[in-house]
Amino acid sequence: NITSYPLNIKRILCLETITCTLLFLSPFVTTYPADLEKGRRRVVHVMEDDTGAVIVQTAPGKVVTHRGGTITLPCRYHHEPEDVDRNRIRIKWTKVSDAFQFEDMFVALGRQQKTFGSYRGRVSLERAGPGDASVIIHNITLQDYGRYECEVTNDMEDDTGFVNLDLEGVVFPYYPPSGRYKLNYHQAEEVCRQQDAILASHAQLHKAWLEGLDWCNAGWLEDGSVQYPISHPRDQCGHKDSPPGVRNYGYRHKEDERYDSFCFTSNLNGRVYFLKRFKKVNYLEAVKACQRDDAVIAKVGQLYAAWKIQLLDRCEAGWVEDGSIRYPIVNPRARCGGPEPGVRNLGFPDKKFRLYGVYCFRRNTDVHTRSI
């Protein structure tokens with residue numbers, strides 16, 4: 001099996017202005033070079049409301065970072081009259097899921113601030129000047145990916161805006177040693193977590209398809225839907241006359257139905273490498289070899305991240321943590337598994353009697369971040 005993507009995909013960031021009182025403004029789109037604009041705080045100034053209501057401005061519509069990074073979720077507000085008591089203004093940030101479930105992240109009233117759940121110790125107000133409700137999130141985790149609501153309230157007046165937090169990373173299909181179509185939704189969540197990843201979103205899978213991901217087995221996504229991306233239509237994957245696209249089975253029963261999974265992972269706080277040895281080893285020997293090298297055997301998600309982000313290229317098959325044999329190819333060449341870049345998967349051989357190399361992961365020791 002080969003999971004393949006063409007390289008050098010251009011990124012486009014879109015900006016939109018969102019207001020949620022009776023004042024609505026037309027959206028617009030601007031493109032920015034990713035290397036110049038990534039992580040830079042941008043504010044879009046809009047027409048002021050003449051009703052005296054609070055107006056919240058959020059820009060851009062999407063901000064992009066990576067796991068372990070720091071990002072500003074931009075949000076500004078304007079109030080008429082301007083001499084309003086700032087200590088009476090309440091700022092609240094909430095994460096909104098695809099199922100319209102709300103998770104409190106941060107709230108501030110005057111000098112009082114409170115952070116909730118997994119965001120404790122990682123979120124603070126930017127305080128770039130009057131009317132700034134932006135927050136800074138440190139040590140970004142995979143779970144931080146998603147849509148956030150900025151709400152500003154002054155007595156009876158309030159307004160909200162939304163910002164999408166996107167992560168640089170890679171989507172990969174996954175099935176366990178037990179075989180294909182063996183996972184209900186909750187098991188799919190768990191196997192992704194075990195491989196240093198989370199269930200991918202539809203947006204992440206769609207982006208991966210645009211970059212060339214082609215996979216003929218349906219898998220769970222984080223919203224409970226089951227989908228699969230086809231770049232090269234063929235009879236065994238629907239119909240060869242069907243157009244390319246992301247096939248969608250819709251929302252399925254999370255307990256009873258069984259599929260594979262599509263996982264997403266991001267930047268590594270460490271390095272994946274092929275351990276050079278004089279002889280090949282079985283699985284248990286591979287685990288011990290990495291430990292003797294002050295490392296651990298690499299997880300599948302870590303190998304994908306190393307291939308996609310760190311451009312790891314190695315034409316040698318090796319054990320990874322789930323008992324599968326894989327190797328990453330950035331520059332395709334003869335006798336390295338096909339014409340496309342990707343992570344080659346040779347399946348799940350007998351752990352005791354089959355002998356291969358091993359991919360290890362050594363965590364950076366100078367930075368302390370969460371693994372997920």
Side-chain angles (χ1 to χ4, degrees), residues 1-5 67 141-143 145 167 169-209 211-231 237 246-249 252 254 257-268 272 283 296-309 312 317-329 337 340-349 351 356 358-359 361 371-372:
N1 299 312
I2 302 173
T3 310
S4 62
Y5 300 78
R67 177 168 51 178
T141 70
L142 294 180
Q143 285 80 6
Y145 168 87
L167 297 179
V170 58
V171 172
F172 61 95
Y174 187 82
Y175 61 90
S178 57
R180 288 177 167 163
Y181 288 7
K182 300 291 186 181
L183 304 170
N184 67 23
Y185 176 83
H186 306 290
Q187 292 167 336
E189 275 190 314
E190 178 61 19
V191 297
C192 287
R193 187 196 65 79
Q194 291 173 355
Q195 298 309 317
D196 193 46
I198 57 175
L199 277 177
S201 69
H202 168 73
Q204 289 167 336
L205 182 63
H206 185 263
K207 179 181 178 182
W209 169 73
E211 295 177 356
L213 178 61
D214 183 279
W215 194 253
C216 196
N217 292 84
W220 291 102
L221 298 182
E222 58 90 20
D223 63 356
S225 66
V226 173
Q227 307 181 31
Y228 64 101
I230 296 297
S231 297
C237 299
V246 178
R247 313 285 196 254
N248 191 342
Y249 288 2
R252 315 306 297 179
K254 291 184 176 182
E257 299 194 40
R258 300 290 192 274
Y259 299 95
D260 294 343
S261 61
F262 286 100
C263 306
F264 172 84
T265 193
S266 184
N267 196 53
L268 291 170
V272 172
Y283 179 79
V296 296
I297 190 169
K299 298 177 183 291
V300 175
Q302 292 168 338
L303 184 62
Y304 269 94
W307 163 74
K308 179 72 171 181
I309 300 170
L312 179 64
W319 294 102
V320 290
E321 190 271 343
D322 68 341
S324 63
I325 302 298
R326 305 178 190 247
Y327 61 101
I329 296 297
E340 297 291 339
V343 175
R344 315 311 195 216
N345 180 3
L346 304 185
F348 297 89
K351 288 184 175 182
Y356 295 92
V358 59
Y359 286 92
F361 173 72
S371 61
I372 296 290

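FYI, side chains are in, hydrogens and waters are out, and symmetry mates aren't considered; it's all heavy atoms of this structure. All values derive from a computational prediction rather than experimental measurement.
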Are any side-chain N or O atoms of [X] and backbone N or O atoms of [Y], one a donor and one an acceptor, separated by less than 3.5 Å?
| X | Y | answer |
| --- | --- | --- |
| D260 | Y181 | yes |
| Q195 | V300 | yes |
| S261 | Y174 | yes |
| K254 | H186 | no |
| R344 | G337 | yes |

State the [atom1]-[atom2] distance between [X] and [Y], to the nearest 0.5 angstrom.
| X | Y | atom1 | atom2 | value |
| --- | --- | --- | --- | --- |
| R258 | S178 | CZ | OG | 10.0 Å |
| L199 | Q204 | CG | CD | 10.0 Å |
| L303 | E321 | CG | CD | 12.0 Å |

What closest approach, in Å, do [X] and [Y] show between heavy atoms, and which atom pair accounts for it?
| X | Y | value |
| --- | --- | --- |
| L221 | H202 | CD1-CA, 3.7 Å |
| I329 | W307 | O-NE1, 3.0 Å |
| A197 | C263 | CB-CB, 3.8 Å |
| V272 | A306 | CB-CB, 3.6 Å |
| Y145 | A203 | OH-CB, 3.8 Å |

*Relative to the ring of W209, is the ring of H206 parallel (under 30°), tilted (30 to 60°) or perpendicular (over 60°)?*
tilted
*asked:* Using the rule ring-ring contact (aromatic ring centres under 6.0 Å, His included), only one of Y359, Y283, F348, Y327 pairs with W319; which is it?
replied: Y283
*Pick from W220, Y175, Y185: which one makes a ring-ring contact (aromatic ring centres under 6.0 Å, His included) with Y259?*
W220
Can you tell if the side chain of [X] reaches within under 4.5 Å of the side chain of [Y], non-hydrogen atoms only?
| X | Y | answer |
| --- | --- | --- |
| W215 | F262 | yes |
| V191 | D322 | no |
| Q187 | K182 | no |
| P173 | Y228 | no |
| F172 | K308 | no |

*If you measure only the distance, is there a donor-acceptor pair under 3.5 Å linking the side chains of Y304 and T265?*
no
*How far apart are the C-alpha atoms of I198 and E222, what are their side-chain angles, what is the distance that settles it, and do they pass the side-chain contact (heavy atoms from CB on, under 4.5 Å) test?*
CA-CA 8 Å; I198 57 175; E222 58 90 20; over 6 Å; no
*Start with the C-alpha distance between D214 and I230, add both sets of side-chain angles, then the distance that settles side-chain contact (heavy atoms from CB on, under 4.5 Å), and finish with yes or no.*
CA-CA 5 Å; D214 183 279; I230 296 297; 4.0 Å; yes
*Among T141, L167, D196, the one residue meeting side chain to side chain contact (heavy atoms under 4.5 Å, CB included) with R67*: D196
